[in-house]
Structures are given as structure tokens and as C-alpha cells.
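Data first, discussion second: the structure below is written as C-alpha cells.
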Amino acid sequence: MKKVTVKTLFQESENWINKKIRVSGWVRTVRDSKSFGFIEINDGTFFKNLQIVFDDSLPNFKEVAKLGVGSAIVVDGELVESPGAKQPFELKATAVDIQGPATDDYPLQKKRHSFEFLRTIAHLRPRTNTFSAVFRVRSLLAFAIHKFFQERGFVYVNTPIITSCDCEGAGEMFRVSTLALNNLPRTKEGNIDFGEDFFGKETNLTVSGQLALEPFSMAFKDVYTFGPTFRAENSNTTRHAAEFWMLEPEMAFADLNDNMNLAEEMFKYLINYCFEHAPEEMEFFNSFIDIGLFERLNNVVSSDFARITYTEAIELLQKEKVDFEYPVEWGRDLQTEHERFLTEKIFRKPVFVTNYPKDIKAFYMRINEDNKTVAAMDLLVPGVGEIIGGSQREERLDYLIKRMDELQLNKEEYWWYLDTRRYGTNKHAGFGLGFERAIMYLTGITNIRDVIPYPRTVGSIEF
RNA sequence: UCCUCGGUAGCUCAACGGUAGAGCAUUCGGCUGUUAACCGAAGGGUUGUAGGUUCGAAUCCUACCCGAGGAGCCA
């Protein structure tokens with residue numbers, strides 16, 4: 001008996017119609033009658049289910065008719081055209097092997113569940129339509145990112161997960177230590193003696209691979225890192241997680257415009273890739289998760305992203321007769337309400353905002369001629385907000401040192417980073433893309449906890 | 001961390017000071033082409049926890065726990 005996946009059946013049904021085949025999968029629903037019944041199974045290879053028709057010629061008809069949702073079965077039979085309107089073909093079963101029945105307390109039902117409930121059963125939710133679609137798209141997007149950069153000659157660099165840089169300025173960090181918490185070694189002054197720790201100094205989980213990546217861009221020109229990133233912030237929102245994935249490309253001999261061009265090209269590539277490789281899933285999102293998703297994404301693919309400076313953004317917002325909760329004032333950071341207004345109301349598409357005041361941005365960003373702003377860029381998108389943050393880097397050693405002194409950073413800690421400015425420095429730029437935020441934008445899912453297989457957020461790590 | 005809303009059957013919700021209910025799910029029975037199948041029956045509850053007010057609390061009050069949305073921070 002030839003084993004066939006449901007995906008193969010849907011993609012080349014003409015090759016299998018009227019043939020005897022074997023299909024295995026999990027029961028999604030059973031509808032039985034006195035002497036016959038229907039089972040829909042999903043084998044994980046394809047978004048859609050395969051309908052099985054069975055009757056009392058099966059020796060185990062009664063057991064099959066009583067199968068619960070979630071049971072694992074192997075079905076032999078003949079693929080035939082279906083008289084029903086909802087599916088082109090169905091499998092007429094000659095044998096149903098019940099591998100693993102699901103007990104009657106199986107939590108997933110044949111009806112809609114709330115996302116909140118499904119988060120409490122994260123180990124079972126990939127068996128639902130929504131999460132099956134989400135996680136297949138997540139997989140495709142991860143591959144598409146590699147494909148995009150590899151096609152353009154970027155070298156993939158695995159930057160470290162454990163770092164000793166404790167002041168990258170991107171937020172609270174998770175400490176990594178093998179010290180016994182109930183018996184900490186102390187120095188003579190009474191401080192914790194990290195010299196006794198595994199690495200001999202304070203270490204944390206990475207909040208960004210950028211600083212480790214820049215030296216590689218000085219060797220390979222175009223590089224990227226893509227991996228897990230950790231922030232120990234006590235933030236409780238639909239778009240923050242303690243563990244998330246970040247993509248960070250870095251280009252040598254490139255400026256802020258090159259940076260934005262790359263981000264825009266990549267974003268459009270990712271959207272097109274999803275439409276091409278997960279049409280069933282995207283159709284589902286557009287119909288059941290976010291009506292209007294296609295319209296929004298098509299608009300993104302076919303139009304140029306808006307590009308404005310921070311100063312222009314402030315002027316635009318000040319002209320609006322809107323009563324913002326936070327004042328719009330040059331020198332203050334844009335609040336979420338301001339960002340949303342720009343991308344959702346004024347432009348109605350992704351917007352790059354560039355050249356922010358230096359005081360609200362990181363030390364490594366390049367100072368502009370005005371000596372007030374830096375060559376930073378944020379990409380704001382409707383619904384999600386900030387999805388990319390990047391900049392042209394300060395490549396001039398004296399400027400960089402001056403800035404680090406102003407911010408009282410410990411230059412010795414960064415000796416190897418500063419070396420890149422001593423030996424063959426050049427204009428270079430890069431950005432960070434929140435992988436989960438990209439998934440949210442492409443699927444219409446509005447909570448980051450629903451695009452991560454096992455999400456880690458404050459006070460929540462059951463799985 | 002702050003603000004707001006919420007926690008009632010396995011799930012989604014109703015009851016808003018006077019005997020705790022429905023749909024779905026589950027179990028049993030019926031049904032010869034179903035599509036969230038349909039029809040009939042049954043089981044299922046210390047109403048998040050602990051106090052308080054009251055003749056009487058799911059309902060009002062207090063504290064705590066948990067969840068969600070928004071804000072800050074950011075990707």
C-alpha cells in the first residue's frame with residue numbers, strides 16, 4: 001500500500017484518483033450514521049483536511065464510529081471523487097487502523113476556542129486550524145529570511161547567546177550564572193565576586209547580536225544574524241516577549257538609504273513568499289483572523305514605503321487637530337499613539353521615520369551634520385507599530401569615543417568593538433527586525449503570544 | 001510597574017440581592033451522503049481564594065491570586 005500525504009493528494013490529485021493508498025493522521029471530526037460515517041483527518045502536511053468515508057463493512061466499524069477528536073489513525077482505501085460540495089475527493093476506507101485513540105477529555109473541540117484558553121494548552125494548540133497556519137507560516141518565513149539574504153550574498157553569522165557586555169543599552173538582561181544563589185561568593189568589599197563565576201565575569205543572555213556582528217561585516221561586507229534574543233523587561237503587552245527571535249543584517253560600505261532600501265525590499269519579499277508558499281493559510285487568515293489582510297498586504301507590496309524625518313513627523317503630528325494624551329514636542333520620543341497615527345491615519349502604509357534626536361537613541365548611531373540628530377531609522381507599520389529599528393553606525397572613532405564618554409560607557413569593555421573603527425573603518429549600517437512582529441503583521445494575529453510555539457512572558461513559562 | 005475590565009459546568013457565555021441556566025463537548029439511544037451533521041435522553045457546579053455586610057451573596061464591600069486589553073520600555 002502506497003503511503004501518501006494529504007498535501008500530495010491536494011497538489012496532484014489526478015495522479016491518485018481511483019488508486020489504492022494509505023493515509024495517516026489525526027481525527028478532526030467524526031460524523032457517523034447507523035451503517036456509515038465520515039471522518040476528517042489532518043496529517044499535518046497540509047492545511048486542509050481529508051474526508052474519509054467508512055461503512056459497516058469494516059470489522060471495527062463500531063470502534064471507528066466512536067473515535068474521538070484527536071485520535072491517530074492509519075487509513076487504507078481508494079481515493080474517489082466526492083459527491084459532496086465541500087471537497088473535491090475523499091478516501092473510501094477499506095481498513096482503519098486505530099493507532100492511538102484520544103480519551104474523551106481531549107480539550108480541543110470541533111468549535112472555536114478562545115486564544116486565551118488555547119494558550120493554556122500550548123502543547124495541543126498546533127493541532128488547531130489557526131495555530132497550524134501560524135506555525136507553518138512562521139517556518140516558511142524563517143526560511144524566506146535565509147533565502148532572501150543568501151540570494152544576495154549575505155553571510156549568516158551565529159552571534160553568541162551568552163554575552164559579557166552588560167550595557168548594550170537595549171533593556172534589562174537575564175543574568176547567566178552558575179554561582180550558588182543561596183551562598184554567593186563575596187569580595188573583600190562585600191560585593192558579589194563574579195570572578196568566581198563560570199566565565200570569571202558577569203554574563204547575560206544577549207539582547208542584540210549587533211555589536212558582535214559589526215566586526216564580521218568588516219570581513220564579509222554583508223552579513224546577518226538571526227536567532228533568539230532575550231529581554232528581562234516587565235512589560236505586559238501584546239507585542240513583547242521575554243524570548244523572541246530577531247533578524248539583524250549589517251552592511252559595510254552602506255548608508256542609511258541603503259539600509260532602508262534593504263528593509264523595504266526584504267519586507268516585500270517576505271510577503272510575496274508567504275502568498276506563494278502558503279496560499280491556503282493566508283486565505284484562512286484573510287477570512288477568519290483579519291478581514292482585509294490581503295488588501296493591506298497587497299497595498300504594501302505595490303507601493304513605496306513612506307520616508308520622513310523625525311522632525312517632519314513632529315511637524316505633521318502638530319498640524320493634526322488631534323488631542324494626543326502625550327504632547328508632540330521636538331526632542332521627545334514618539335509615543336505609541338503618535339506612531340500609530342502616522343502609519344495608520346496619515347500614510348496608511350509602512351513609514352520609515354529617520355534622523356531622531358541623538359539623546360533618545362543608542363550611542364553607536366552616527367551623528368548627523370546638525371549635531372542634534374542621528375542617522376537612525378524606525379519602520380512603523382499599521383497594527384503592529386515599530387517592527388524594525390536600525391541606523392547608520394558611527395564609523396568615526398573620535399566621534400564614537402566622544403559619545404561614549406558623554407554617556408559614561410566603559411570604553412575598556414568595548415575595546416574590540418572600537419578596533420573596528422581603528423582598522424579599516426567605513427560607512428556601514430544595519431537594522432533589527434522583530435521576527436514575531438513580522439509574523440503578526442503577515443498573519444493578522446494581534447498577540448505575540450500566539451505566534452510563538454511556547455511563549456515566555458513575565459510570570460508565564462508553563463511549557 | 002501603572003490604569004481599565006474580567007474570573008460561573010470541559011469550552012463559550014447567561015443569571016446582577018431571593019431554589020445556578022443555555023449552546024457546544026462528554027456518555028447512551030436513533031438516523032443510508034454528512035460538512036461546526038441532525039433528532040432524543042442522561043451525567044456534569046463549595047460561582048478564582050480568604051474574610052466581611054445581609055434573614056438570604058454568583059450578585060454588594062475589602063484583600064489577595066490569576067487572566068485580558070491599554071500605557072511605559074522596545075523588536
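In what follows, chains are A, B, ... by sequence order, proteins preceding strands, each numbered from 1. Below, each value reflects all heavy atoms present in this structure, side chains not excepted, and no hydrogens, waters or symmetry copies.
- Here Glu90(A) lies in heavy-atom contact (under 4.0 Å) with a base.
- Within 4.0 Å (heavy atoms only), Asp104(A) reaches sugar-phosphate atoms of the nucleic acid but no base atom.
- Between Asp32(A) and Asn447(A), the residue anchored nearer the 5' end of RNA chain B, judged by the nucleotide with its closest heavy atom, is Asp32(A).
- Here, A15(B) and U59(B) have their C1' atoms 9 Å apart, quoted to the whole Å.
- Of the listed nucleotides (A75(B), A71(B), U34(B)), U34(B) has the atom at the smallest distance from the side chain of Gln51(A).
- Each of G33(B), G72(B), A75(B) was ranked by its minimum atom distance to the side chain of Phe38(A); first place goes to G33(B).
- Of the candidate nucleotides A68(B), U34(B), C74(B), A68(B) has the atom lying nearest to any side-chain atom of Glu116(A).
- In summary, Glu250(A) and Arg393(A) engage in a salt bridge, as defined by a charged side-chain N under 4.0 Å from a carboxylate O.
- The closest side-chain donor-acceptor pair between Gln87(A) and Ser82(A) falls under 3.5 angstrom.
- Counting any heavy atom pair closer than 4.0 Å across all strands shown, Thr120(A) reaches no nucleic acid atom.
- Using a 4.0 Å heavy-atom criterion, one finds that Gly432(A) contacts the sugar-phosphate atoms exclusively.
- In terms of phosphate contacts, Asn129(A) brings no side-chain nitrogen or oxygen within less than 4.0 Å of OP1 or OP2 of A36(B).
- With distances taken from any side-chain atom of Arg31(A) to the nucleotides C74(B), G70(B), A37(B), the minimum falls on A37(B).
- In terms of position along RNA chain B, the nucleotide closest to Pro107(A) lies nearer the 5' end than the nucleotide closest to the other residue of the pair Lys66(A) and Pro107(A).
- Nearest to the side-chain atoms of Gln335(A) among the listed nucleotides C73(B), G69(B), A37(B) stands C73(B).
- Residue Tyr326(A) is classed as a sugar-phosphate contact, given heavy-atom separations below 4.0 Å to backbone atoms only.
- Counting only heavy atoms from C-beta on, Phe36(A) has its side chain closest to U32(B) among A75(B), U32(B), A25(B).
- Heavy atoms of Ser114(A) sit under 4.0 angstrom from primed sugar atoms or phosphate atoms, though from no base atom.
- Counted by atom type alone, Thr373(A) and Asn368(A) present one or more donor-acceptor pairs between their side chains at under 3.5 Å.
- Straight-line distance between the C1' atoms of G23(B) and C39(B): roughly 16 Å, to the nearest whole Å.
- Under the 6.0 Å distance and 45° angle rule, Arg152(A) counts as a cation-pi partner of Tyr269(A).
- Checking C28(B), A37(B), G70(B) against every side-chain atom of Lys110(A), the shortest atom distance belongs to A37(B).
- A36(B) sits 42 Å from C2(B) when the C1' atoms are compared, rounded to a whole Å.
- The phosphate of A36(B) has OP1 or OP2 within less than 4.0 Å of a side-chain N or O from Lys86(A).
- Closest to the Lys111(A) side chain, of the nucleotides C24(B), U35(B), C74(B), is C24(B).
- Cation-pi geometry between Arg456(A) and Phe230(A) is not satisfied (NZ or CZ under 6.0 Å from the ring centre, within 45° of the ring normal).
- Within 4.0 Å (heavy atoms only), Glu436(A) reaches no atom of the nucleic acid at all.
- Checking each of Gln392(A), Met260(A), Glu312(A), Arg307(A) against Thr354(A) for a side chain to side chain contact (heavy atoms under 4.5 Å, CB included) leaves exactly one that passes, namely Met260(A).
- Side-chain proximity of Thr237(A) to C74(B), U1(B), G72(B): nearest is G72(B).
- Tyr326(A) and Glu337(A) share no side-chain donor-acceptor pair at under 3.5 Å.
- When only modelled atom types and interatomic distance are considered, Arg28(A) and Asn129(A) share a side-chain donor-acceptor pair under 3.5 Å.
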At a cut-off of 3.5 Å, list every protein nitrogen or oxygen paired with a nitrogen or oxygen from nucleotides 2-6 of chain B, distance to 0.1 Å.
none

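- Across all strands, Arg449(A) comes closer than 4.0 Å only to sugar-phosphate atoms, never to a base (heavy-atom distances).
- The partner of A71(B) is U1(B), judged by Watson-Crick or G-U wobble contacts that both fall below 3.5 Å.
- On a pure distance criterion of 3.5 Å, a polar donor-acceptor pair joins the side chain of Arg437(A) and the base of C74(B).
- When heavy atoms are screened at a 4.0 angstrom cut-off, Lys92(A) is found touching no nucleic acid atom at all.
- In terms of heavy-atom proximity, Val134(A) sits nearest to Val451(A) at CG1-CA, 3.8 Å.
- Nearest nucleotide to the Thr336(A) side chain, out of U32(B), A71(B), U1(B): A71(B).
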